[in-house]
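Reviewing the structure listed below.
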2 protein chains.
Amino acid sequence: MRTLKYAILGLINRHPSTGYDITKEFKAELGNFWRARHSQIYPELKRLVDEGLIEYETVIAGESLEKKVYSLKDKGREELLEWLNKDEKMVPTAKDKFRLRMYFSSNIEREDLIELLESQLRQRKEKLATLKEKMDGYSEVPQFGSQEFGDYLVLESAILREEAYVEWLERSIKRCNQSS
Amino acid sequence: MRTLKYAILGLINRHPSTGYDITKEFKAELGNFWRARHSQIYPELKRLVDEGLIEYETVIAGESLEKKVYSLKDKGREELLEWLNKDEKMVPTAKDKFRLRMYFSSNIEREDLIELLESQLRQRKEKLATLKEKMDGYSEVPQFGSQEFGDYLVLESAILREEAYVEWLERSIKRCNQSS
DNA sequence: ACGTGCATGTAAAGCGTTACATGATTAC
DNA sequence: GTAATCATGTAACGCTTTACATGCACGT
């Protein structure tokens with residue numbers, strides 16, 4: 001499957017990057033939909049070089065700190081485009097430990113269950129607020145074909161997803177209180 | 001973390017089950033939020049027996065087919081309850097390969113991108129329809145404390161999640177057509 | 001001088017999928 | 001009889017996390 005491979009190719013295609021840069025991007029916006037730690041990224045970068053998909057230039061920062069700045073080779077860009085254009089099956093919906101626990105909620109006392117739901121609700125609302133703040137940075141939908149268009153699409157996606165989660169939690173709390 | 005451990009304990013707590021039963025449950029409703037294959041389930045069951053959390057009785061079906069019917073021991077139920085009542089941090093939002101691809105959508109031609117989005121939309125709508133059919137089976141919110149209450153919560157959650165996905169895809173298609 | 005962030009790597013263990021393997025039961 | 005489903009397991013491989021390990025740069 002090698003999704004990380006394509007995630008990295010996609011990021012390097014946006015602009016030449018170091019392993020550290022890529023690590024940071026997974027902690028930012030993109031982290032809403034894909035993540036990897038540096039311990040996974042550095043070996044993958046090495047592998048992509050071996051496979052002839054990317055190359056790097058060593059740059060010295062300050063006195064002696066070595067940075068490896070990676071950029072795409074033609075073959076890398078080819079494989080990225082191929083992957084992007086594939087019409088893949090719907091991804092089997094994602095795992096969610098909290099919803100799994102709610103499946104077994106009959107074993108939790110009502111007050112405890114409500115507390116758990118409210119704790120999640122607080123956290124989700126906070127997350128949602130952060131996302132909406134980012135959205136406020138857009139005065140309009142970015143131009144089609146720009147990188148910002150992709151940024152915008154996934155940001156909107158993250159917001160809709162969080163809103164749905166918040167809505168679910170609120171309904172669930174209501175159901176706990178209503179249902180005898 | 002051992003989430004599978006608790007998922008299995010939770011399922012066995014609902015009613016004594018075989019490995020095969022558990023495998024089926026992960027393919028059904030619960031599969032919207034957690035999944036595991038039989039190749040992961042059988043070894044985990046063995047481990048849970050070793051740990052003294054569950055036990056099994058061998059039952060013969062038909063002439064000679066051996067089934068192992070697992071049930072919870074006290075210690076298993078204890079650990080399940082402890083896990084269910086923990087107030088855990090929000091799960092870092094889940095990976096989604098399709099949204100990752102949309103992050104790089106500036107490299108896809110407009111018509112191709114719209115096709116990809118519409119293909120996903122068709123599949124998501126189909127999924128949503130299936131979920132809503134199941135929801136039609138409930139004439140009212142099940143009683144608090146019943147297993148059906150948990151079923152209901154996660155079904156509602158799955159519906160809200162799919163609706164948000166559908167909404168996002170529809171908006172994205174619109175944006176592709178609007179944005180110059 | 002000290003702390004935070006920049007920068008790169010490896011090792012071990014755990015989690016998950018795919019493939020390999022086998023055999024009984026049931027409904028048509 | 002034969003296909004689908006029931007039923008249980010193992011092996012190999014790949015993906016992911018946690019921990020180990022090191023050193024430079026920059027601001028205060």
Side-chain angles (χ1 to χ4, degrees), chain A residues 1-8 11-12 16-28 30-31 33-51 54 56-70 88-89 91-97 100, chain B residues 1-8 11-12 16-28 30-31 33-51 54 56-70 88-89 91-97 100:
Chain A
M1 198 173 29
R2 311 255 336 250
T3 308
L4 178 60
K5 161 182 165 178
Y6 297 104
I8 290 177
L11 286 171
I12 294 177
S17 302
T18 65
Y20 192 82
D21 292 335
I22 292 169
T23 306
K24 265 194 303 179
E25 301 216 52
F26 282 126
K27 284 178 191 154
L30 182 55
F33 302 113
W34 208 265
R35 261 161 294 109
R37 321 248 170 180
H38 76 276
S39 57
Q40 209 183 344
I41 291 165
Y42 289 113
E44 185 66 32
L45 283 168
K46 190 173 277 183
R47 187 172 171 188
L48 293 175
V49 170
D50 290 346
E51 292 173 341
I54 61 177
Y56 69 89
E57 198 190 349
T58 303
V59 173
I60 306 294
E63 289 291 300
S64 66
L65 182 62
E66 291 194 357
K67 295 208 275 185
K68 290 183 181 173
V69 180
Y70 292 88
E88 284 194 328
K89 272 236 234 19
V91 286
T93 359
K95 293 184 173 186
D96 183 329
K97 210 161 50 163
L100 171 66
Chain B
M1 199 173 26
R2 310 253 338 249
T3 309
L4 178 60
K5 160 183 167 179
Y6 297 104
I8 289 176
L11 287 171
I12 294 177
S17 303
T18 65
Y20 192 82
D21 293 335
I22 292 168
T23 306
K24 265 195 301 179
E25 301 216 52
F26 283 126
K27 285 177 192 155
L30 182 54
F33 302 113
W34 207 266
R35 262 160 293 109
R37 322 247 169 181
H38 77 275
S39 58
Q40 209 182 344
I41 292 164
Y42 289 112
E44 186 66 30
L45 284 168
K46 190 172 277 183
R47 187 172 171 188
L48 294 174
V49 170
D50 290 347
E51 293 174 339
I54 61 176
Y56 68 88
E57 198 190 349
T58 303
V59 173
I60 306 293
E63 290 291 301
S64 65
L65 183 63
E66 290 193 357
K67 295 208 274 186
K68 290 183 180 173
V69 180
Y70 291 88
E88 285 195 328
K89 272 236 236 15
V91 286
T93 0
K95 293 184 174 186
D96 183 329
K97 210 162 47 164
L100 171 65

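The structure places OG1 of Thr23(A) at 10.5 Å from CD of Gln40(A), a figure rounded to the nearest 0.5 Å. The CD1 atom of Ile12(B) sits 4.5 Å away from the CD1 atom of Ile22(B) when rounded to the nearest 0.5 Å. Atom CD1 of Ile54(B) sits about 12.0 Å away from atom NZ of Lys46(B), to the nearest 0.5 Å.
Positionally, the nearest nucleotide of DNA chain D for Thr23(B) lies more toward the 5' end than for the other of Arg35(A) and Thr23(B). Along DNA chain C, the nucleotide closest to Ala61(A) and the one closest to Arg37(B) are compared, and the more 5′ of them pairs with Ala61(A). The nearest heavy atom of DNA chain D to Thr3(A) and to Gln40(B) marks one nucleotide each, and the one closer to the 5' end goes with Gln40(B).
Rounded to an integer number of Å, the gap from Ile8(A) CD1 to dT16(D) C1' is 13 Å. Atom-to-atom, NZ of Lys67(B) to P of dA7(D) comes out at 4 Å; the value is rounded to the nearest Å. Remark: P of dC6(C) and OH of Tyr42(A) are 11 Å apart, rounded to the nearest angstrom. Here dC6(D) presents its C1' atom at 15 Å from CD of Glu25(B), a figure rounded to the nearest Å. For the pair Glu44(A) CD and dT16(D) C1', the interatomic distance rounds to 12 Å; values are reported in whole Å. Atoms CG (Leu65(A)) and C1' (dA25(D)) sit 7 Å apart, rounded to a whole Å.
Taking every side-chain heavy atom of Lys68(B) into account, dT8(D) is the closest of dT25(C), dT8(D), dT18(D). Side-chain proximity of His38(A) to dA21(D), dT25(C), dT8(D): nearest is dA21(D). When each of dT25(C), dT10(C), dA7(C) is scored by its nearest atom to the side-chain atoms of Ser64(B), the top-ranked nucleotide is dT25(C). When the nucleotides dC15(C), dA7(D), dG9(D) are ranked by their closest atom to the side chain of Met1(B), dC15(C) comes out on top. Comparing dT10(C), dG23(D), dT10(D) by their nearest atom to the side chain of Lys46(A) picks out dT10(C). Closest contact between the side chain of Pro43(A) and the listed nucleotides dC6(D), dT10(C), dC15(C) involves dT10(C).
Here Thr18(A) reaches the OP1 or OP2 of dT8(C): one of its side-chain N or O atoms lies under 4.0 Å away. Listed pair Tyr20(B) / dC6(D) meets the phosphate criterion, a side-chain N or O lying under 4.0 Å from OP1 or OP2. Listed pair Lys95(B) / dT16(D) meets the phosphate criterion, a side-chain N or O lying under 4.0 Å from OP1 or OP2.
Listed for the Lys67(B) side chain is no donor-acceptor partner under 3.5 Å among the backbone atoms of Ile60(B). A donor-acceptor pair is defined here as one N or O able to donate and one able to accept, closer than 3.5 Å; such a pair exists between the side chain of Asp21(A) and the backbone of Thr18(A).
Lys5(A) comes within 4.0 angstrom of no nucleic acid atom, judged by non-hydrogen atoms across all strands.
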